[in-house]
Amino acid sequence: MKCLRLILGDQLSHSLSSLADVDCEQDVILFCEVWEEAKFVKHHKKKIAFLFSAMRHFAEELKAKGYKVEYHKLDLSDRSSSFRSVVERALNNHQADRIIVTHPGEYRVLEELRSWECSLSVPIEIRDDDRFLCTHEEFESWASGRKELRMEYFYREMRKKYNILMDGSKPEGGKWNYDSENRKPPKTGLNVPKTFTNSVDKITKEVLELVDDTFADHFGDTEPFFFAVTREGALLALQKFIKERLKYFGDYQDAMIEGKPWMFHSHISFYLNCGLLEPLECVHLAEKAYRNNKAPLNAVEGFVRQIIGWREFVRGLYWLKMPDYKQQNFFSAKRQLPSFYWTGISQMNCLRQCVLETKRHAYAHHIQRLMVLGNFALLACLHPEEVNEWYLIVYADAYEWVELPNVSGMVLFADGGLLASKPYAASGAYINKMSDYCKNCRYKVTKKNGPEACPFNYLYWDFLIRNDQKLRNNPRLSMVYRTLDKMNDEKVLAIRDDAKRFFKELDDA
Ligand code: FAD
Ligand code: DLZ
Ligand code: SF4
């Protein structure tokens, strides 16, 4: 039996389930760069360049291992190419009689693959993606019967299951979570090491030219291009993080400094999500650094939690709740995405900095995504569909399984609290505490009302007032509503008036 093994762009792992038991004499490994994917949303130029280059490098590695590889480069003369059209042609060319593929990361692609058995009249075997640490079935069983799904409890199970940072049956250091130690504001003069930089080889150069020529109207810059595009490079990036940044990862996890986009984060999500790195090797290396006294527990536990906790949790939730999850809109939010999300032209310095860094690097760290860009989207009642599309476009690590729960669940509370126990809404005080953005802003973060006031200050209260009925009974918001109840009518009116003026200007712009 001759088999076609389809490898998707985020499946660049030698250990991939669809690459097990390959018959090197007969089977054909197929990669396809297709318009359907590149245009599904108008991905950031750097994201397309990164993925195409990583795909091309990975295909070369498989060829060198003796596999028969067919690599379909983006066909500039046929702008209708899709996974299906390329697979159909390859089935005919190679006279293959079945397809093997690893479970895709997006629901729409899974639906498409499932339809082929009928439309292409060949059996298709969809294998589990065992690069993740929790199967769909395990997550379903963990979730079943729970009223609320909280990452913290899921995370503890994962720690035990994989014996990570454990001291016998107890968590290392006596606590499961050291997050309370991980909220240090940025210090002036903080020495942030340079992030990993890869040199551009012939393959990447060709891809960069292709992207500049073909996707000129997409968001973002291709230069500077520093991503690793092979497993070897991604491992170097990981090692650099462990050696130079991990020790401060916890302390400054939430901190933001103007002109320092990378801070002490790991910058490995692009590699993890396309398969160049595996989650367990990352957490094992971090744990080793802790055991060798090279990094403190608060940093290592924080890092481990992001990978075996949040990353697996959002994936579990995505597959548990799709396709309905995508339609959720708890606040009935309907405002269009303001143009500054694309241009960076805004008088609000925090937003301007985060958009411009996103445009340049196809990266922003978690707190920029959540507490600046996301906070605005929540408070301004932006439509979940538009916000999701933006996040899926602009980050090089964005695939729907991870982007959607973070945006609809964590940022917009569009799922009504399935993922988060309360909306992550904040006034300017939070951004001022955790960043140095406010000092270069035309607004005054200490002012609460009026045209000079930081818009986050009144938008925060306006959001709570507008959504009183939906949020007042949330126990985690009872203190905030008590404060609101103590405000006099004049103050409430000033908040409402400021918000009205702000939204009018925003909508008219
Ligand atoms: P670090 O801060 O160094 O964390 C280490 C790793 O932990 C990351 O590489 C990532 O794999 C994982 N991780 C951390 N937080 C999360 C999380 N909330 N969900 C899932 N994994 C997590 N992450 C993506 O990989 N793709 C996305 O499309 C994406 N969209 C996001 C959208 C919003 C609105 C928010 C608030 C978060 C989003 N995240 C997304 C999560 C997180 O912001 C990124 O994983 C992180 O910024 C990547 O940078 P890093 O590798 O330096 O991460
Ligand atoms: C993101 C992306 C893009 C832009 N292009 C391709 C492509 O041409 N070929 C491919 O195999 N994958 C691409 N991807 C990644 C896919 O969108 C991703 O593999 C699926 O959505 C499944 O998660
Ligand atoms: Fe952002 Fe407000 Fe600070 Fe300006 S003053 S940077 S708008 S938080």
Side-chain angles (χ1 to χ4, degrees), residues 177-198 224 226-228 236-271 282 285-286 289-290 292-307 310 344 348-375 395-397 424 426-446 454 456:
N177 183 317
Y178 291 84
D179 213 21
S180 57
E181 294 174 31
N182 289 357
R183 290 172 196 148
K184 292 210 174 58
K187 277 195 296 206
T188 40
L190 208 56
N191 187 14
V192 183
K194 281 209 170 92
T195 189
F196 175 82
T197 308
N198 194 32
F226 44 76
F227 291 142
L236 289 175
L238 171 65
Q239 284 153 4
K240 188 171 164 64
F241 162 70
I242 300 283
K243 192 161 167 243
E244 297 176 2
R245 305 176 116 84
L246 174 63
K247 48 182 166 296
Y248 299 118
F249 175 85
D251 286 358
Y252 298 111
Q253 197 178 345
D254 292 358
M256 300 171 279
I257 301 181
E258 189 164 329
K260 295 197 189 302
W262 308 105
M263 294 301 291
F264 295 96
H265 290 266
S266 63
H267 329 134
I268 57 167
S269 49
F270 351 98
Y271 310 133
C282 301
L285 269 187
Y290 165 70
N292 291 337
N293 294 321
K294 297 276 195 299
L297 186 53
N298 69 311
V300 174
E301 186 282 316
F303 179 68
V304 162
R305 177 160 23 92
Q306 306 313 312
I307 294 185
W310 277 113
M348 298 169 77
N349 189 41
C350 51
L351 290 172
R352 182 167 66 235
Q353 296 305 325
C354 293
V355 170
L356 293 179
E357 284 176 0
T358 298
K359 181 168 177 288
R360 186 162 164 80
H361 300 300
Y363 176 84
H365 72 67
H366 188 67
I367 293 300
Q368 296 175 303
R369 296 187 203 195
L370 179 63
M371 299 309 294
V372 178
L373 299 160
N375 190 25
Y395 293 114
D397 56 25
Y424 281 89
S427 70
Y430 175 86
I431 295 172
N432 189 36
K433 180 174 162 226
M434 297 315 301
S435 79
D436 65 353
Y437 293 143
C438 301
K439 68 175 199 256
N440 291 331
C441 187
R442 101 126 178 88
Y443 295 108
K444 294 206 171 29
V445 72
T446 46
C454 165
F456 278 116

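The shown structure was predicted, so the numbers you read here are calculated from the model rather than taken from an experiment. What you see below is based on every heavy atom in this structure, not just the backbone, and it leaves out hydrogens, waters and symmetry mates.
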Under 3.5 Å: donor-acceptor pair, side chain of Arg369, backbone of Ala364:
yes
Do other residues, nucleotides or ligands put more than 12 heavy atoms under 6.0 Å from Lys294 NZ?
no
Test item: Tyr271 side-chain N/O and Ala228 main-chain N/O as donor-acceptor pair under 3.5 Å:
yes
Do Cys350 and Phe456 have side chains that get closer than 4.5 Å, going by heavy atoms?
yes
If the plane angle is over 60° it's perpendicular, under 30° parallel, otherwise tilted; pick one for Phe241 and Phe249.
perpendicular
For atom OH of Tyr248, is the number of surrounding heavy atoms from other residues, nucleotides or ligands below 6.0 Å larger than 12?
no
Do the side chain of Arg245 and the main chain of Lys194 share a donor and acceptor less than 3.5 angstrom apart?
yes
Modelled atom types, side-chain donor and acceptor of Asn349 and Glu258, under 3.5 Å
yes
Taking the side chain as everything from C-beta on, heavy atoms only, tell me whether Asp254 gets closer than 4.5 Å to Met371.
no
CG of Asn375 to CD1 of Ile431: how many Å apart, nearest 0.5 Å?
5.5 Å
So, Asp251 versus Asn298: side-chain donor-acceptor pair below 3.5 Å or not?
yes
Working for ring pair (Phe, Tyr, Trp, His ring centres under 6.0 Å), residues His267 and Phe227
CA-CA 9 Å; His267 329 134; Phe227 291 142; 10.0 Å; no
Could you check whether any side-chain heavy atom of Gln306 comes within less than 4.5 Å of a side-chain heavy atom of His366, counting everything from C-beta outward?
no
Parallel, tilted or perpendicular, judged at 30° and 60°: which one describes the rings of Phe270 and Tyr363?
perpendicular
Measuring only between side-chain heavy atoms, which start at C-beta, is Thr358 closer than 4.5 Å to Leu373?
yes
